A.B. asks: 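One structure follows; several queries about it will come next.
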Amino acid sequence: MKILKVDRTASGGIASGRAFVLEEQDLSPDLFAIAPEQAETEVQRYTAAVDAVSADLAPLAEKEEIFAAHLELVQDEALRMGVCEKIETGNVNAEKALHDTAEEYAAVFEMMEDEYMRERAADLKDIRNRLMRKLKNLPETDLSGIREKVILVAKDLAPSDTAKLDLNFVQGFITEGGGVTSHVAIMAKNLGLPALVGVKGVLEAADSGDFIILDADEKTVYVNPESEIAEEYVKKQEEQAKRKEELLKLRDLKAVTTDGHEVEICANVGNLDDIRNALKFSIDGVGLFRSEFLYMENDHFPTEEEQFEVYKAAAELLGGRELTIRTLDIGGDKGLSYFEFPKEENPFLGYRAIRIGLDRTEILKTQLKALLRAGCYGRIRIMYPMIISVEELRSANSLLEECKNELRTEGKAFAEKPEVGIMIETPAAVMMAEELGAEADFFSIGTNDLTQYFLAVDRGNEKISAMYNPFHPGVLRAIARTIEAGHAAGIKVGMCGEFAGNPDAVPILLGLGLDEFSMSAGSTLEVKQKIRQAEYQKSLALAERILKTKTVPEVEQRIQEWHQDN
Ligand code: PEP
Ligand code: MG
């Protein structure tokens with residue numbers, strides 16, 4: 001038996017099966033010197049390969065954004081010119097010219113500081129490999145032929161590989177390379193497929209046919225486990241499957257307590273695919289669209305038109321459901337390859353979120369105009385991140401009014417009165433909630449940041465991660481205060497931080513009067529179940545008791561008592 005561990009989960013869950021190790025093909029360029037008169041033939045071979053790959057990608061591009069991006073990349077004029085120039089001036093064949101040009105491009109991506117952009121190098125490699133297989137007459141690595149329950153093991157998986165997986169057979173995957181924010185990891189989460197990435201040594205540890213248990217929740221891989229462990233996992237998986245089936249029955253039911261108190265369950269999303277997936281869980285709407293993904297996927301600030309198309313498509317997908325789009329929230333740990341941030345001692349306390357938008361108003365205005373226009377196609381709510389004062393809200397809103405005037409002059413249709421709300425994720429916003437509530441249409445509590453700012457505990461610092469606890473009575477009081485102030489102002493209060501998707505937090509949040517719970521789609525049914533099992537009156541009593549607690553253990557004890565009583 002071999003056991004491998006990593007420290008971060010790409011996509012949670014437990015799976016087991018025989019290892020299917022993706023064999024590597026030799027995609028290196030061989031015999032590459034050519035005579036000058038062969039150059040034309042090589043250019044033609046390359047053009048034919050581009051055409052063939054484009055034809056393969058076209059149907060996939062209609063279904064998934066990532067393949068549309070790949071299709072664009074394979075047809076990229078600069079890439080084509082780079083390859084042709086190398087053939088013509090370097091006297092090398094198409095394979096070698098492609099190889100060298102792609103290396104140069106990938107080197108540029110990999111040198112970027114932003115983790116997300118670095119991982120885009122994988123997309124380029126995906127394209128290069130597809131082209132190379134065509135040039136070398138090698139078959140596509142065919143995952144669609146798998147016909148038994150397997151765990152896929154690979155050095156790296158391309159997003160295009162994950163799209164071909166038949167989920168009746170592929171139970172999960174493990175890769176040696178990749179980061180948790182890679183497209184592959186994002187797609188695994190969307191597919192609900194357990195996955196671990198960056199598992200060093202897995203290719204050496206596992207051969208095709210070995211029995212594998214992948215416990216992504218515990219960040220552990222067992223290769224040929226001892227029978228005791230295997231038996232234990234058979235039970236765990238049976239329980240997991242039963243649980244999933246039970247939960248699916250709740251899909252079309254309302255999130256209502258036993259005594260009739262109803263709340264909304266919404267999803268947090270980063271792109272259109274996430275929305276499509278979330279709709280499978282019958283969500284009430286989108287409580288947080290992290291628009292920064294749209295900016296991070298681009299190599300330039302997306303134009304008004306580019307943004308409009310995405311927001312409009314999102315609104316149309318959601319029909320009449322609410323769609324809360326947060327304006328650009330970069331800075332802190334989120335960068336953009338094409339935007340230079342100042343070097344800062346404390347980036348989380350620095351130039352980020354709405355501060356950038358109010359400083360570089362042209363960036364925020366471009367986005368606001370796109371949002372206003374897309375508002376004609378659905379129920380778009382605009383949300384500003386990291387507000388600390390009434391002045392900031394007013395400044396942002398006055399930019400919004402400027403945008404409306406400009407759109408009027410330009411003769412473009414837009415939503416006159418979209419709901420405009422703010423994230424409550426700073427202590428100052430909590431303390432000013434009454435005043436902010438008087439001028440905002442809704443609140444959404446961002447507990448990820450609120451916890452770090454309230455407790456002065458960096459959310460990304462491993463060393464003090466045990467102190468990062470939203471069950472701290474101080475944080476709970478901040479949440480209570482926010483909900484109360486929002487309700488006094490007559491506005492809806494939601495939560496889109498991770499806390500909203502934590503089943504243990506449900507009774508407290510219910511009792512504090514939270515109107516909307518927004519979380520990753522995969523958690524929605526479990527939270528709904530907790531709500532449907534709860535009695536609102538008892539939650540109210542619990543919340544009251546919790547607000548009097550002095551310590552985290554006391555909070556935990558009150559929750560325990562509530563569970564026993566419910
Ligand atoms: C939050 O801070 O709770 C939040 C939802 O925003 P993000 O995690 O994107 O900072
Ligand atoms: Mg935040």
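Just follow the structure's listing: the first ligand is 1, and inside any ligand the first atom is 1. Since the structure is predicted, the reported quantities are computational estimates derived from the model, not experimental observations.
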A.B. asks: Applying the side-chain contact (heavy atoms from CB on, under 4.5 Å) test to Lys492, which of His487, Glu264, Glu419 qualifies?
C.D. replies: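 Output: one option passes, namely Glu264.
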A.B. asks: Once you round to the nearest 0.5 Å, how far does CD1 of Ile275 lie from CG of Leu323?
C.D. replies: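 Separation between the atoms: 6.0 Å.
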A.B. asks: Any sub-3.5 Å donor-acceptor pair from Lys404's side-chain atoms to Glu416's backbone N or O?
C.D. replies: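 At least one qualifying donor-acceptor pair exists.
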A.B. asks: Mind checking whether Arg459 has a heavy atom under 4.0 Å from ligand 1?
C.D. replies: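 For ligand 1, residue contact (heavy atoms, under 4.0 Å) with Arg459 is present.
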A.B. asks: Just to be sure I read this right, does ligand 1 sit under 4.0 Å from the backbone of Met423, its side chain, both, or neither, counting only heavy atoms?
C.D. replies: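 Met423 to ligand 1: side-chain contact only, backbone stays beyond 4.0 Å.
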A.B. asks: What's the verdict on salt bridge (Lys or Arg N to Asp or Glu O under 4.0 Å) for Asp449 and Arg352, showing C-alpha distance, side-chain angles and the deciding distance?
C.D. replies: CA-CA 12 Å; Asp449 276 318; Arg352 61 169 299 208; 3.4 Å; yes
A.B. asks: Counting non-hydrogen protein atoms only, what is the nearest one to atom 1 (C) of ligand 1? Give residue, atom name and distance.
C.D. replies: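 Result: Asn448 CB, 3.4 Å.
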A.B. asks: Would you mind listing which atoms of ligand 1 come within a distance below 4.0 Å of any non-hydrogen atom of Cys496?
C.D. replies: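 By the 4.0 Å cutoff, the relevant atoms are 5 (C).
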A.B. asks: Taking C-beta and beyond as the side chain, do Phe454 and Ile479 meet within less than 4.5 Å on heavy atoms?
C.D. replies: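 Of all side-chain heavy-atom pairs linking Ile479 with Phe454, none is under 4.5 Å.
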A.B. asks: Let me check your reading of the structure: within less than 2.8 Å of the Mg ion (ligand 2), is there an N/O/S atom from Asp449?
C.D. replies: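 Checking Asp449: at least one N, O or S atom is under 2.8 Å.
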A.B. asks: State, without any angle test, whether Ser518 and Asn268 hold a side-chain donor-acceptor pair at a distance under 3.5 Å.
C.D. replies: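 A donor-acceptor contact under 3.5 Å links the two side chains.
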A.B. asks: With the side chain counted from C-beta on, respond yes when Glu561 and Arg545 share a heavy-atom pair under 4.5 Å apart, and no when they do not.
C.D. replies: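 SC-SC contact between Glu561 and Arg545 confirmed.
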A.B. asks: With heavy-atom distances below 4.0 Å as the criterion, list the atoms of ligand 1 near Glu425.
C.D. replies: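 Every atom of ligand 1 under 4.0 Å from some heavy atom of Glu425: 1 (C), 2 (O).
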A.B. asks: Can you list the ligand 1 atoms lying under 4.0 Å from a non-hydrogen atom of Leu288?
C.D. replies: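 Result: 5 (C).
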A.B. asks: Is it the side chain (CB and beyond), the backbone, both or neither of Thr447 that lies under 4.0 Å from ligand 1, heavy atoms counted?
C.D. replies: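 Backbone only.
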A.B. asks: Report the nearest protein non-hydrogen atom to atom 6 (O) of ligand 1: residue, atom name, distance rounded to 0.1 Å.
C.D. replies: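 Among all protein heavy atoms, the one nearest atom 6 (O) of ligand 1 is Arg326 NH1, 2.9 Å.
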A.B. asks: Checking one value in my table: which N/O/S atom of Glu425 lies closest to the Mg ion (ligand 2)?
C.D. replies: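 Nearest N/O/S atom of Glu425: OE1.
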